[in-house]
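Residue numbering restarts at 1 for every chain, and letters A, B, ... go by the order of the sequence lines.
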Number of protein chains: 2
Amino acid sequence: MPQVRPMRADARRNYERLLEVAAEAFAEHGENASLDDIAKRAGVGSGTLYRHFPTRQALLEAAYVDRIEAMAARADEFAAQLPPGAALVEWLGAVCAGAIQVRGLKALLGSAVTDGGSVADTACGTHMKDAARRLVEAAQREGSLRGDVEPVEVLRLAHGVASASELADGQGRQIRRYLSLLMDGLRPGGQA
Amino acid sequence: MPQVRPMRADARRNYERLLEVAAEAFAEHGENASLDDIAKRAGVGSGTLYRHFPTRQALLEAAYVDRIEAMAARADEFAAQLPPGAALVEWLGAVCAGAIQVRGLKALLGSAVTDGGSVADTACGTHMKDAARRLVEAAQREGSLRGDVEPVEVLRLAHGVASASELADGQGRQIRRYLSLLMDGLRPGGQA
DNA sequence: ACCTGAACACCGTTCAAGT
DNA sequence: ACCTGAACACCGTTCAAGT
């Protein structure tokens, strides 16, 4: 693993400034925020943005990778405090809430669980899938989750729940309701 | 209800040509297909497109309103052939499949079940909600669907299932699986 | 009454010229 | 080695001029 040469001081400054501004812009305007505008607000030429982040996806991921890591870390906090099934539900609720509040995050989470998505596995995808696997397997061992669903499927369905909640009121007020409908099923007789 | 004066012959030709081309373009490129390109391919000036369809949403809805009506009509066909619960599931599966195959349709269906969405209730929204209500209420009377879910919620959750299926493989191969996970729940012990 | 297409503003992307 | 910003292509939207 060869060390990456440290960036030149001005390059590093630009890089970090771009990330800050991009995180704001994506949160406010969604995944399609203007790249030109981001470059301008960061005080750099548009070419500099493309040098550091060749695609919109690369910038989106770089801007939110720390938030994704924080989300993945919360999985273990819930696991330490609650029984496995409840921990999974609480965590999925938090993931949905984040996906709705921070507008660009939903698209990033979506691409993280897309099969055959772009360039192999992204860092964000790996973090989320690892966290989901720990909670899912624990819940399955406990017997509170069906044995025939995969962690990535649970993440995809949670993404669907976030979409449905967004349609309901533009915010996240229905997340818990829709998540529990998913857990217990639409047919009568499920667990309350 | 005052009769709308019939359009001038050339206006009507343009209008219909625009609808044809738009349906193709949205199906191929999704909801963000270039309006300029649609006008060009229809052989009209861009101003003509805006005259007939002041917003992208208006064009999208006009281009697909017949497909939406056909979808709504299928609800009654399923209801005539199957018990209520099965009819609902089959219909939702067909809706999801359509939403994935015809790219612009998913966005339209989404906005049709969005609360507080744009201009009051759209024609598409009304058709879909009416059809859903008939199936949902029948299934609830039969006892195969929880009594505490509303038709529009079922449509939103189906939209979420379509999203999740799209993430899974870009096509619709997981629709039936995800739909039945939604019906029966992720906890063990649901109906097979 | 309706259509056209130029005009304007905006955005993504590349690349020659700079330091 | 890195940055800048002009240049190009493209798109959405409006509106004066046409028929």
Side-chain angles (χ1 to χ4, degrees), chain A residues 2-64 103-104 107-108 111 118-119, chain B residues 2-64 103-104 107-108 111 118-119:
Chain A
Q3 263 295 57
V4 269
R5 275 206 299 90
M7 278 191 223
R8 224 168 64 177
D10 56 343
R12 161 153 290 276
R13 250 194 322 272
N14 285 337
Y15 182 90
E16 279 165 3
R17 186 97 185 87
L18 278 168
L19 285 187
E20 277 173 42
V21 173
E24 279 174 42
F26 287 133
E28 190 177 353
H29 303 293
E31 50 166 337
N32 291 318
S34 160
L35 297 183
D36 198 63
D37 188 55
I38 290 174
K40 268 201 191 69
R41 282 206 255 170
V44 305
S46 45
T48 300
L49 186 153
Y50 283 94
R51 158 173 290 269
H52 288 303
F53 309 102
T55 66
R56 176 183 295 275
Q57 192 64 25
L59 178 57
L60 188 60
E61 179 158 351
Y64 287 139
R103 300 200 44 213
L108 180 57
S111 71
S118 54
V119 220
Chain B
Q3 262 294 57
V4 270
R5 277 206 298 91
M7 277 190 223
R8 224 169 64 178
D10 56 343
R12 160 153 291 277
R13 251 195 320 274
N14 284 336
Y15 182 90
E16 278 165 4
R17 185 99 186 85
L18 277 168
L19 284 187
E20 278 174 41
V21 173
E24 280 175 40
F26 286 134
E28 191 177 352
H29 303 294
E31 50 166 336
N32 292 317
S34 160
L35 298 183
D36 197 64
D37 189 56
I38 290 173
K40 269 204 190 67
R41 283 206 254 172
V44 306
S46 44
T48 299
L49 185 152
Y50 283 93
R51 157 172 291 269
H52 288 303
F53 310 101
T55 66
R56 175 184 296 274
Q57 192 64 26
L59 178 57
L60 187 60
E61 178 158 353
Y64 287 139
R103 298 199 46 213
L108 181 56
S111 71
S118 53
V119 222

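One atom, CG of A:Leu35, and another, P of C:dT13, lie 6 Å apart when rounded to the nearest Å. Between the NZ atom of A:Lys40 and the P atom of C:dA9 there is a distance of 14 Å, rounded to whole Å. Separating the CG atom of B:Leu59 from the P atom of D:dT13 is a distance of 11 Å, rounded to the nearest angstrom. Atom C1' of nucleotide D:dC11 and atom CZ of B:Arg41 are separated by 15 Å, given to the nearest angstrom. Look at CD on A:Gln57: it is 13 Å from P on C:dT13, rounded to the nearest Å. Taking atom NE2 of B:His52 as the reference point, atom C1' of C:dT4 lies 13 Å away to the nearest angstrom. Atom-to-atom, CZ of B:Arg13 to P of C:dT4 comes out at 11 Å; the value is rounded to the nearest Å. Taking atom CZ of residue A:Arg56 and atom C1' of nucleotide C:dT13, one finds them 12 Å apart after rounding to whole Å.
Stem analysis of DNA chain D (at least three stacked-register Watson-Crick or G-U pairs, each with both distances under 3.5 Å) gives C:4-8 with D:12-16, C:12-16 with D:4-8.
In this pair, B:His52 and B:Tyr15 present their aromatic rings perpendicular. The plane angle is above 60°, beyond the 30 to 60° band.
With distances taken from any side-chain atom of A:Arg8 to the nucleotides D:dG12, D:dA6, D:dA1, the minimum falls on D:dA1. When the nucleotides C:dC11, D:dT13, D:dC2 are ranked by their closest atom to the side chain of B:Tyr50, D:dT13 comes out on top. Distance from the side chain of B:Arg51 is smallest for C:dC3 among the nucleotides D:dC3, C:dC11, C:dC3. Closest contact between the side chain of A:Val44 and the listed nucleotides D:dT4, D:dG12, D:dT13 involves D:dT4. Listed candidates were D:dC2, C:dC2, C:dT13. Nearest to the side chain of B:Ala11 is C:dC2.
Across all their heavy atoms, A:Ala22 and A:Ala63 have their closest contact at CB-CB, 4.2 Å. The heavy-atom pair separating A:Leu18 from A:Ala42 by the smallest distance is CD2-CB, 3.7 Å. In terms of heavy atoms, A:Asp37 sits closest to A:Ser34 at N-OG, 3.0 Å.
Remark: B:Ser46 is not in phosphate contact with D:dG12, judged by side-chain N or O atoms under 4.0 Å from OP1 or OP2. Phosphate proximity of C:dC2 to B:Asn14: absent, as no side-chain N or O sits under 4.0 Å from OP1 or OP2.
The backbone N or O of B:Leu35 lies less than 3.5 Å from no partner atom in the side chain of B:Arg56, so there is not a single donor-acceptor pair.
The CZ atom of A:Arg103 sits 9.0 Å away from the CG atom of A:Asn32 when rounded to the nearest 0.5 Å.
In this structure, A:Ala33 reaches the sugar-phosphate backbone alone: every heavy-atom distance under 4.0 Å involves primed, P, OP1 or OP2 atoms, never a base. Across all strands, A:Thr48 comes closer than 4.0 Å to base atoms (heavy-atom distances).
A side chain to side chain contact (heavy atoms under 4.5 Å, CB included) with B:Leu49 is found for exactly one of B:Ile38, B:Asn14, B:Val21, namely B:Ile38.
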